[in-house]
Structure formats: C-alpha cells, structure tokens
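Comments concern the structure below.
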Amino acid sequence: MSRLVVVSNRVGDPRKPAAGGLAVAVGESLASGAGGLWFGWSGQISEEAAPGEGELHMQHAGRSTLATVDLSRPDHDSYYLGYSNQALWPAFHYRLDLADFERSQFEGYKRVNRMFAAKLSALLRPDDVIWVHDYHLIPLAAELRMLGCTQRIGFFLHIPLPPPTILAAIPGHEGLMRWFFAYDLVGLQTQLDLEHFVRFIRDEARARPMGGDRYQAYERTLCARSFPIGIDVEEFQHLARSREAIETYTTLKEEYAKRRLLVGVDRLDYSKGLPHRFRAFRELLANYPENRMSATLIQIASPTRESVHAYYGELDWMPVRYIHRTWSRRRLEGLYRNAKVALVTPLRDGMNLVAKEFIAVQDAEDPGVLVLSRFAGAAEQLREALLVNPYDTETTAQLIQRALRMPLEERRERHAALYERVRRDDVHAWRRAFLAALSSEQAADAEQEVAEGHA
Ligand code: GDG
C-alpha cells in the first residue's frame with residue numbers, strides 16, 4: 001500500500017480540533033487509514049533566516065508524521081501574506097478590486113514553493129502518493145518534477161475557481177496553467193469550478209481533450225474532476241455527547257427559550273459576506289416587526305489571518321450577539337443544535353462546511369432551517385436549503401422570514417433530503433474518491449505505456 005503524503009500550507013496536529021476547513025478535513029484524512037506524512041509551514045517565522053531558507057522539524061502524531069518548515073520573515077510576508085492572500089485569495093473569490101499583484105510577492109511565492117519542494121523531495125519514497133492542497137502551493141508539483149520526482153501528484157483547490165476572464169487578469173496566468181499540468185489530477189469543489197478550469201486550459205493552453213476527464217498540454221496529461229468536500233458527520237455528531245456541548249446547548253436553550261435563535265459561524269473574511277448578512281437581518285426586523293422582540297442572531301466571527309487585513313471593526317447591536325472569538329467545536333455543536341435558522345450567506349465560497357455541520361446535528365423530528373448563499377459551493381449539492389442571493393438583502397430577509405415560519409412538515413422533508421446528502425458525501429467519501437481517482441490515473445498511464453510499447 002502506498003504511503004499518503006499530504007502537503008498544505010498549514011499543518012495541524014490531526015489529534016487536535018482546529019479552526020479552518022482544511023485543517024479539519026486533512027486532519028481527519030490522515031488520522032484514519034494507513035497514516036502518512038503531512039508536510040507544510042510550521043507557522044513559525046524566523047527573523048534570522050534568509051529568504052528561501054527554513055529549518056525543518058519532524059514530529060510524530062499518532063499514525064502520522066508531521067514535517068514542518070519555518071519561514072523567513074521576507075518569505076512569510078511575500079508568499080503567505082502577499083501573493084497567496086492578497087493576490088490569489090481575492091482573485092479566486094472574484095474580487096480583482098482587492099487583489100494586489102506585486103512582482104516581489106510573486107517571486108516570494110515561487111521561492112517558497114521551490115524551497116518546500118527541495119525539503120519534501122528528500123523525504124519522499126518512490127511509491128508515495130502525494131496530495132497537495134490549495135492555492136498557496138500551485139507551483140509545488142512543477143518544482144518537484146524539476147527535482148526528478150515521478151510520483152503521482154494530485155492537487156485539490158479548496159477555494160472557488162473563477163471564470164477565465166477573471167483568471168486572465170492575473171499577471172503571469174500562463175505560468176499558472178503550466179504549473180497545473182505538472183499534476184496528474186486536479187480536483188475542484190464544484191461542477192462550476194470544473195467548467196471554468198476546463199475552459200481556461202482549453203482556451204489559454206490549447207489543451208486537447210483525451211477522453212475520461214483527461215486533457216493534454218505541455219507534453220503532459222492531467223485529469224480534472226470535481227470532488228465536493230464533506231465533513232466527518234459521525235465525529236461531529238459525537239461532540240454532542242461532550243459536557244461542553246451539553247452545557248452550551250442547555251444554557252442557550254434557557255437563555256433563548258422565548259426567542260428565536262439564528263446562527264452564523266464564519267472565519268472573519270470579506271468573502272463570508274457578514275455586512276450583507278447583518279443588513280438582511282436588519283431588514284428582517286424592519287419589515288417583519290413580529291421578530292423585533294424575539295429574533296436574535298448569534299454570529300461567531302473567528303479571527304484568522306488578522307495580519308492580512310483588518311476586515312471589520314467591532315460590530316455590536318442588541319439583536320446581534322457578535323462574538324469575535326474562536327469557539328471550541330463542542331460549543332459550536334451546542335450552538336448549531338439550538339438554532340432555528342442558520343445563515344450561511346457568503347458572497348463566494350469554495351464549499352462551506354458550516355452549512356454541512358449545521359445539517360448534521362439537527363434533530364430530525366424538529367430541525368432548523370438552512371438559509372444558504374447560492375454562491376457557496378455547497379449550494380450545488382444542498383438544493384433543499386433556502387437558496388439566497390446575499391447581495392439582494394431584501395429578498396434574503398424575506399427568505400429568512402420564510403425559514404422562521406416554515407411548517408414542521410416542510411422542515412422535516414427538507415432536512416431529511418439534506419441530511420442524506422451530507423451523510424453520503426462526507427469527508428471520507430471525498431478522500432476515497434480523490435485518492436481512487438489519483439491511483440486510477442496511474443492505471444491509465446500504465447495502460448498507455450503498454451499500448452505504446454506494443455505499437
Ligand atoms: C476553506 C474554503 C471550504 C469556524 N469558526 C470556528 C470554527 N470554524 C470551523 C467551522 C468549519 C470551518 O471552521 C470553516 O470551514 P468553511 O468551509 O466554512 O470555510 P474556510 O475556513 O474558508 O475553508 C471553504 C473549506 O476550505 C474546505 O474545503 O469549504 O469554502 O474557503 O469547520 O466549524 N471552529 C472552531 N471555532 C470557531 O470559532 N473550533
């Protein structure tokens with residue numbers, strides 16, 4: 001059995017719960033199965049190290065080995081704060097207006113990927129299967145190939161992939177495309193992202209379709225498919241039995257006994273559309289006065305990447321309890337279970353796991369209602385949610401009202417359909433589907449070699 005090597009910007013201890021979708025999903029992937037190696041940035045910034053240098057640390061955590069590298073200050077600022085989070089993150093979330101494509105940051109991005117490739121290649125075994133995650137690491141496979149790595153390498157993009165007209169605005173986008181072709185498999189969250197990707201490589205790289213989701217360009221063949229990420233449903237449900245979840249559930253239940261609780265849980269980021277959500281909630285209170293004394297929105301806005309941008313100031317008004325803090329996953333479970341309505345209304349989101357977590361823990365006999373942005377990747381699967389356009393705050397308010405007044409029978413029906421999908425397409429199914437596709441690509445290559453051998 002091949003060893004799984006996961007590469008992502010941040011490496012978490014798979015045994016500890018962490019904020020952030022990627023940490024949760026990858027942690028779960030490595031802790032099960034045959035274990036493996038998880039490689040990435042240590043989270044440490046070294047003031048002494050020169051650009052392109054960084055100390056490697058090895059650590060064992062349960063069944064997995066963690067290999068992490070420190071970053072020099074200039075590398076951290078240009079690769080992480082700079083190109084990843086001020087160029088690629090906004091551009092891929094359709095926000096060219098916020099993107100800063102400074103040349104020196106792009107150089108830092110390439111430099112760190114080159115350094116990661118050098119450190120990682122020394123740790124690789126010939127039959128490893130390598131799974132690279134997210135926009136920080138697009139050039140990694142190309143750098144590994146330059147060092148002679150022939151292992152199977154797959155890439156999964158956790159954030160959206162915008163249409164070619166937006167991608168074409170990124171300086172050096174031709175190079176970006178070449179980097180993708182160093183992978184054997186490119187996975188995207190949704191069918192829409194996949195369509196964008198295929199149009200992009202066909203129009204800009206003249207990629208030739210080879211059948212079976214395969215495309216050829218730059219003398220390499222890649223397979224592109226969508227793999228919508230899920231959650232670990234059982235693990236999340238299990239949290240409900242913890243003391244902290246029960247305490248949170250009971251306290252909130254008492255406190256909001258006569259009120260109707262709405263909930264939002266997001267990393268504090270402009271893509272999550274918090275100001276639009278608060279505006280829609282204000283319109284709900286203005287247009288449907290019956291909610292004035294009863295509806296309360298608890299918004300958890302967990303701080304992340306604070307040094308990238310100060311996104312918003314402190315927002316606080318009575319009907320909204322705005323909590324600018326990270327809660328434990330157990331407390332989140334208790335919160336979701338109390339809520340009548342979840343507001344998951346990002347302006348753009350790769351998938352959105354909060355929507356799935358909320359569905360996973362509802363009481364099937366008396367479930368809450370999910371109000372979901374049509375611009376979250378999750379909307380492709382979760383059709384029975386109340387889908388909204390978050391920019392249209394008035395209609396969003398109308399649909400929140402509908403959610404609050406939805407008859408029990410309809411709530412049950414919608415929840416049953418959503419729950420089935422969240423359960424079936426969980427994080428394990430996602431991991432299995434991706435890794436199966438990555439190894440069947442290997443089989444496809446072997447067949448091709450045999451065919452060429454006979455020719
Ligand atoms: C990226 C993509 C894609 C949030 N606040 C707290 C907390 N969280 C947890 C949630 C959820 C996770 O963080 C957030 O995941 P999302 O999917 O909502 O969003 P991103 O972090 O932006 O993740 C996204 C994801 O990658 C996976 O591919 O779905 O589209 O942007 O699990 O519960 N967890 C704790 N305290 C908090 O305060 N413990």
Side-chain angles (χ1 to χ4, degrees), residues 6 8-10 12 16-29 84-85 88-90 92-95 131 133-136 155-162 187-190 192-193 226-233 235-236 239 242 244-245 248 263-274 298-305 308 311 321-337 339 342-361 370 372-373 375-382 422 425-427 430-431 434:
V6 171
S8 59
N9 176 59
R10 286 308 303 276
K16 290 188 194 146
L22 176 61
V24 172
V26 169
E28 282 161 356
S29 306
S84 295
N85 285 313
L88 293 180
W89 176 273
F92 280 32
H93 284 87
Y94 298 58
R95 293 299 302 271
W131 188 359
H133 291 261
D134 234 0
Y135 57 102
H136 316 83
F155 177 81
F156 185 77
L157 184 68
H158 288 258
I159 64 175
L161 192 88
L188 301 142
Q189 295 273 28
T190 64
L192 183 69
D193 296 327
S226 78
F227 300 90
I229 197 170
I231 61 163
D232 188 330
V233 175
E235 182 259 5
F236 208 78
L239 299 177
S242 68
E244 223 182 330
T248 309
V263 67
V265 175
D266 304 79
R267 284 189 307 99
L268 189 51
D269 186 280
Y270 50 80
S271 64
K272 305 291 182 183
L274 263 55
I298 296 191
Q299 173 66 52
I300 308 286
S302 43
T304 57
R305 304 183 202 148
V308 177
Y311 291 108
R321 264 180 76 184
Y322 178 81
I323 303 174
H324 184 203
R325 224 173 332 115
T326 300
W327 271 22
S328 72
R329 277 163 71 69
R330 295 186 177 90
R331 289 187 77 190
L332 287 185
E333 196 282 336
L335 175 62
Y336 289 143
R337 212 150 28 100
L343 299 183
V344 181
T345 56
L347 303 179
R348 200 57 73 172
D349 217 331
M351 177 55 58
N352 196 297
L353 299 179
V354 170
K356 297 187 172 184
E357 291 165 355
F358 175 76
I359 293 300
V361 299
L370 174 63
L372 178 63
S373 164
F375 303 125
E380 240 181 46
Q381 295 169 295
L382 305 184
V422 167
D425 301 337
D426 69 355
V427 73
W430 170 75
R431 182 191 65 235
F434 189 93

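Each ligand, and each atom within it, is numbered from 1 in the order the structure gives.
- Contact check for Phe156 versus Asp134: no side-chain heavy atoms found under the 4.5 Å cut-off.
- Taking Phe434 as the reference, Trp131, Phe227 meet the ring pair (Phe, Tyr, Trp, His ring centres under 6.0 Å) condition, with sequence neighbours excluded.
- Put simply, no part of Arg331 is less than 4.0 Å from ligand 1, judged by heavy atoms.
- Every atom of ligand 1 with a heavy atom of Glu357 under 4.0 Å away is listed here by number and element: 10 (C), 11 (C), 32 (O), 33 (O).
- Between Tyr135 and His158, every side-chain heavy-atom pair lies at or beyond the 4.5 Å cut-off.
- With contacts defined as side-chain heavy-atom distances shorter than 4.5 Å, the pair Met351/Gln381 qualifies.
- By heavy-atom distance, the residue among Gln189, His93, Arg267 lying nearest atom 21 (O) of ligand 1 is Arg267.
- Heavy atoms of Asp269 found under 4.0 angstrom from ligand 1: none, in either backbone or side chain.
- Using a cutoff of 4.0 Å between basic side-chain nitrogens and carboxylate oxygens, Glu333 and Arg337 are scored as salt-bridged.
- Annotation: Thr326 places no N or O atom under 3.5 Å from an N or O atom of ligand 1; distance criterion only.
- Between His93 and Trp89, the angle of the ring planes lies from 30° to 60°, which puts this pair in the tilted group.
- Every atom of ligand 1 is numbered from 1 in the order shown, and the set under 4.0 Å from a heavy atom of Ser328 is 39 (N).
- If you check each of His158, Lys272, His133 against atom 19 (O) of ligand 1, the one with the closest non-hydrogen atom is Lys272.
- Across Asn85 and Pro90, no two heavy atoms sit closer than the pair O-CD, 3.4 Å.
- Contacts with ligand 1 closer than 4.0 Å are made by no heavy atom of Ala376, backbone or side chain.
- Atoms of ligand 1 found under 4.0 Å from any heavy atom of Trp327, numbered from 1 in the order shown, are 35 (C), 36 (N), 37 (C), 38 (O), 39 (N).
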Pair Leu347, Tyr270 - check side chain to side chain contact (heavy atoms under 4.5 Å, CB included), show working.
CA-CA 8 Å; Leu347 303 179; Tyr270 50 80; over 6 Å; no

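- Contacts with ligand 1 closer than 4.0 Å are made by side-chain heavy atoms of Val265 only, the backbone lying farther away.
- At a 4.0 Å heavy-atom cut-off, ligand 1 touches Tyr336 through the side chain alone.
- Inclusion of Leu353 in the set of residues having an N or O under 3.5 Å from an N or O of ligand 1 is warranted.
- Within ligand 1, counting atoms from 1 as listed, the ones closer than 4.0 Å to a heavy atom of Ile229 are 27 (C), 28 (O).
- Nearest to atom 24 (C) of ligand 1 by heavy-atom distance, out of Leu157, Asp349, Leu335, is Asp349.
- Between Ile159 and ligand 1, a contact under 3.5 Å exists for no N or O pair.
- The two residues Pro346 and Ser373 make their nearest non-hydrogen contact at O-OG, 2.7 Å.
- When each atom of ligand 1 is checked for a heavy atom of Val354 under 4.0 Å away, the hits are 10 (C), 18 (O).
- Among Ile300, Leu332, Asp266, the residue whose heavy atom lies closest to atom 7 (C) of ligand 1 is Leu332.
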Report the C-alpha distance between Asp266 and Leu274 in whole Å, list the side-chain angles of each, state the deciding distance to 0.1 Å, and finish with yes or no for side chain to side chain contact (heavy atoms under 4.5 Å, CB included).
CA-CA 9 Å; Asp266 304 79; Leu274 263 55; 3.9 Å; yes

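- Across Gln299 and Val265, no two heavy atoms sit closer than the pair NE2-N, 3.8 Å.
- Every atom of ligand 1 with a heavy atom of Gly350 under 4.0 Å away is listed here by number and element: 30 (O).
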